[in-house]
Peer 1: 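Just passing along the structure, written as structure tokens.
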Number of protein chains: 2
Amino acid sequence: MRYSKEHKQQTHQRVIETASHAFREKGIDGVGLSNLMKQLGLTHGGFYDHFPNKEALVTEACTCAFEKSSEWLEHVASHYPGEEAIKILDSYLSQQHRDNPGDGCILPSLAGDMFRQPDPVRQVFTEGIKRYQNQLAQLLEGKTEDSQEQAIALLSAMVGCLTLARAVNDPMLSDEILKVGHNYFSKLLGLESRQS
Amino acid sequence: MRYSKEHKQQTHQRVIETASHAFREKGIDGVGLSNLMKQLGLTHGGFYDHFPNKEALVTEACTCAFEKSSEWLEHVASHYPGEEAIKILDSYLSQQHRDNPGDGCILPSLAGDMFRQPDPVRQVFTEGIKRYQNQLAQLLEGKTEDSQEQAIALLSAMVGCLTLARAVNDPMLSDEILKVGHNYFSKLLGLESRQS
DNA sequence: TGTACATCAGTGAACGCGCGTTCACTGATGTAC
DNA sequence: TGTACATCAGTGAACGCGCGTTCACTGATGTAC
């Protein structure tokens, strides 16, 4: 079949977005290219018209996931001026986020495997984390003097908290981890005094 | 070959301990049973004299890793009375720990994959995390009223911090993540005022 | 003390399976005349 | 407007590979006599 000029680009983008979701949900090794293409109504052979190999897809899919997080941060920044930080905590440490890894932040899903990945993928993560840090720092700016440091501490804490909340199979413990994390990490930001 | 009575038990234990290290270093899917047995000077066929399947090894190896963490906490508790919390942070967020995942805490290595694992493995993690929380809480007891909550918040934060420090391939950023995490999370514990 | 035998931890060939990757092919469509 | 052709996104059989798992076998050793 021959298609319009943008058709191949669209397919390329669809593969990336489907993969981005699937990787977060099932892990990188948990997603086979054959199954992935089938999800899109295509066959596995066509994959190599779009990417030289699986690793290239992984880097593009991770880039895409970080991009989504960046957009989310911008969205929060523009819609909740003055209470960005607490909104980020609310959303990041929500049951909704915990229960839908495929739609959420890539860090709790895949960061734990990063030190075992080839360098191009780690590179994408490194840049993604730096960008995350910068954007968070911007939102915290003015509230503290060391917003860059606060940003990376907050990101670390949120990632760990969501990771543990997902890991346990006891729903009550999981809920508690989210609740306690939300409570303590807002203290970390000095938000406690603002709220009370 | 026929051996002394304890010989099989010893082999069983050696498999578990080698696997426990290998899983943390290479991930569960990254460790093949054939290679694992070869590391021990055995052949892959013998594996099934010790375990019904790989999943059983995974649960035993994870249990073993949590046990090691528990011993480490006890060690800190008995050797640094009065400054347990800061010693835990020092050690957990150290370059040594970051650079040796195989010998370290299982959580930054494998917790991110747990929500994709079968239930028996998640069960081991759930119990391990509860035990971690209780032991940490005991060390914090007296310093705060809500030591259970503080314990799980601290654990979350440390796990996330080490995970990100390992994920990035920029050594300076990685060091900074550790340093900033150490700084901020000791604030979270109210240790800052104690030290200054 | 010496010999025959039972035990059983460990061996290694073989299995089916899904993986990433390759490649000769297809066939609908845009284009040239 | 109608026809022949070139394009190229997508097809699907085939590849080698490592995986988890099975199983008939081995052979050193403890034990019985």
Side-chain angles (χ1 to χ4, degrees), chain A residues 1-62 110 113 116-121, chain B residues 1-62 110 113 116-121:
Chain A
M1 309 154 223
R2 207 171 175 203
Y3 303 92
S4 65
K5 288 175 190 170
E6 303 89 11
H7 184 92
K8 192 174 179 184
Q9 274 184 54
Q10 278 174 20
T11 304
H12 188 89
Q13 196 56 31
R14 282 206 305 148
V15 175
I16 288 172
E17 283 176 14
T18 306
S20 175
H21 186 280
F23 287 147
R24 279 174 279 176
E25 196 171 294
K26 302 181 180 177
I28 292 171
D29 289 348
V31 177
L33 299 181
S34 192
N35 249 309
L36 180 70
M37 296 303 276
K38 199 185 276 177
Q39 264 186 70
L40 293 160
L42 299 171
T43 52
H44 61 276
F47 176 82
Y48 294 90
D49 291 338
H50 293 284
F51 306 92
N53 49 44
K54 188 180 182 181
E55 189 184 306
L57 171 66
V58 173
T59 63
E60 290 213 54
C62 290
L110 297 180
D113 286 315
R116 304 171 191 122
Q117 294 295 320
D119 212 64
V121 193
Chain B
M1 312 152 220
R2 206 173 177 201
Y3 302 92
S4 65
K5 288 175 190 169
E6 303 89 11
H7 184 92
K8 192 175 178 183
Q9 273 183 56
Q10 279 173 19
T11 303
H12 187 88
Q13 195 57 32
R14 281 207 305 147
V15 175
I16 288 172
E17 282 176 15
T18 306
S20 174
H21 186 280
F23 285 148
R24 278 174 281 176
E25 196 170 293
K26 303 181 182 179
I28 293 171
D29 290 347
V31 177
L33 299 182
S34 193
N35 249 308
L36 180 70
M37 296 303 277
K38 198 186 277 177
Q39 264 187 71
L40 292 160
L42 299 172
T43 51
H44 60 274
F47 175 83
Y48 294 90
D49 290 338
H50 294 284
F51 306 93
N53 50 44
K54 189 180 182 182
E55 187 183 308
L57 171 65
V58 173
T59 63
E60 290 212 55
C62 290
L110 297 180
D113 286 315
R116 305 173 191 120
Q117 294 295 320
D119 213 63
V121 192

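Proteins come first, then strands; the chains are lettered A, B, ... in the order of their sequence lines, and each starts at number 1. Predicted, not measured: the structure shown is a model, and the values here were computed from it.
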Peer 1: Between A:G46 and A:G30, name the one whose nearest nucleotide on DNA chain C is closer to the 5' end.
Peer 2: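 Whichever sits nearer the 5' end wins; that is A:G30.
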Peer 1: How close do A:P118 and A:E55 get, counting heavy atoms only, and between which atoms?
Peer 2: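 Looks like CG-OE1, 3.5 Å.
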Peer 1: Pairing check on D:dC17: which nucleotide meets the Watson-Crick or G-U wobble criteria with it, both distances under 3.5 Å?
Peer 2: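 Looking at the geometry, D:dC17 pairs with C:dG18.
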Peer 1: Strictly by Watson-Crick or wobble contacts shorter than 3.5 Å, is anything paired with D:dA4, and which nucleotide is it?
Peer 2: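 The base-pairing partner of D:dA4, which may sit in any strand shown, is C:dT31.
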Peer 1: Of the nucleotides D:dT21, D:dG12, D:dG10, which one has an atom closest to the side chain of A:H44?
Peer 2: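 Nucleotide nearest to A:H44's side chain: D:dG12.
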Peer 1: Can you check whether B:H50 has a side-chain N or O nearer than 4.0 Å to OP1 or OP2 of C:dG10?
Peer 2: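 Answer yes for this pair, as a side-chain N or O of B:H50 is under 4.0 Å from OP1 or OP2.
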Peer 1: If I take atom CG in residue B:L33 and atom P in nucleotide D:dT22, what distance separates them, rounded to the nearest angstrom?
Peer 2: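 Those two atoms, CG and P, are 11 Å apart.
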Peer 1: Using whole Å, what does the distance between atom P of nucleotide D:dG10 and atom CD of A:Q10 come to?
Peer 2: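 Roughly 10 Å, once rounded to whole Å.
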Peer 1: Using whole Å, what does the distance between atom P of nucleotide C:dC19 and atom CG of A:L57 come to?
Peer 2: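 Rounded to the whole Å, the gap is 14 Å.
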Peer 1: Between B:M37 (CE) and C:dA13 (P), how many Å, whole number?
Peer 2: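 Checked: the CE to P distance equals 16 Å.
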Peer 1: Taking only the side-chain nitrogens and oxygens of B:H7, find out if one of them lies under 4.0 Å from OP1 or OP2 of C:dG10.
Peer 2: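 B:H7 to C:dG10 OP1/OP2: side-chain N or O found under 4.0 Å.
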Peer 1: Looking only at the side chain of A:L42 (C-beta and beyond, no hydrogens), which of the listed nucleotides D:dT21, D:dG10, C:dT21 gets closest?
Peer 2: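 Nearest to the side chain of A:L42 among the choices is D:dG10.
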Peer 1: Among C:dT21, D:dA9, D:dG12, which nucleotide sits nearest the side chain of A:T43?
Peer 2: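 Between C:dT21, D:dA9, D:dG12, the one nearest the side chain of A:T43 would be D:dG12.
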Peer 1: Can you measure B:K8 atom NZ to C:dG10 atom C1' for me and round it to whole angstrom units?
Peer 2: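 These atoms are roughly 10 Å apart.
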Peer 1: For a quick check of understanding: with a heavy-atom distance under 4.0 Å over all strands, which category does A:G32 fall into, base, sugar-phosphate or nothing?
Peer 2: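 Counting heavy atoms under 4.0 Å across all strands, the contact made by A:G32 is with sugar-phosphate only.
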Peer 1: Quickly work out the A:K38 NZ to D:dG12 P distance and round it to whole Å.
Peer 2: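 Roughly 11 Å, once rounded to whole Å.
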Peer 1: Ignoring hydrogens and angles, tell me if any N or O in the side chain of B:R116 forms a donor-acceptor pair with the backbone of A:E25 under 3.5 Å.
Peer 2: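 Yes, B:R116 side chain to A:E25 backbone: donor-acceptor pair under 3.5 Å.
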Peer 1: Any idea which of D:dT11, C:dT21, C:dT11 is nearest the A:N53 side chain?
Peer 2: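 Selected nucleotide: C:dT21.
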Peer 1: Is B:K54 atom NZ crowded by more than 12 heavy atoms from other residues, nucleotides or ligands, each under 6.0 Å away?
Peer 2: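 Yes, enclosed.
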Peer 1: Taking only the side-chain nitrogens and oxygens of A:T11, find out if one of them lies under 4.0 Å from OP1 or OP2 of D:dA9.
Peer 2: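 Answer no for this pair, as no side-chain N or O of A:T11 is under 4.0 Å from OP1 or OP2.
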Peer 1: Rounded to whole Å, please give me the gap between CG in B:L40 and P in C:dG10.
Peer 2: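 Rounded to the whole Å, the gap is 10 Å.
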Peer 1: Among B:V58, B:L57, B:T59, B:L33, whose side chain to side chain contact (heavy atoms under 4.5 Å, CB included) with B:F51 holds?
Peer 2: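 Of B:V58, B:L57, B:T59, B:L33, side chain to side chain contact (heavy atoms under 4.5 Å, CB included) with B:F51 is met by B:L57 alone.
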Peer 1: Please report the closest heavy-atom contact between B:H50 and B:H12, naming both atoms and the distance.
Peer 2: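 Heavy-atom minimum between the residues: O-CE1, 3.3 Å.
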Peer 1: To the nearest Å, give me how far apart OH (B:Y48) and P (D:dC23) are.
Peer 2: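 Rounded to whole Å, this separation is 12 Å.
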Peer 1: Under 4.0 Å, heavy atoms only, any strand: does A:D29 hit a base, just the sugar-phosphate, or nothing?
Peer 2: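 Answer is nothing: A:D29 stays at 4.0 Å or more from every strand.
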Peer 1: Picking from D:dA9, C:dG20, C:dT11, which would you name as closest to the side chain of A:D49?
Peer 2: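 Nearest to the side-chain atoms of A:D49, counting from C-beta on, is D:dA9.
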Peer 1: Name the residue closer to the 5' end of DNA chain D, choosing between B:G45 and B:K54 according to the nucleotide with the nearest heavy atom.
Peer 2: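 Per heavy-atom nearest nucleotide, the more 5' residue is B:K54.
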Peer 1: In the strands shown, is D:dA24 matched to any nucleotide by a Watson-Crick or G-U wobble pair with both distances under 3.5 Å, and which?
Peer 2: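 Checking every strand shown, D:dA24 finds its partner in C:dT11, with both distances under 3.5 Å.
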Peer 1: Once you round to the nearest 0.5 Å, how far does CG of B:D29 lie from CD of B:Q117?
Peer 2: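 Reported to 0.5 Å precision, the distance equals 7.0 Å.
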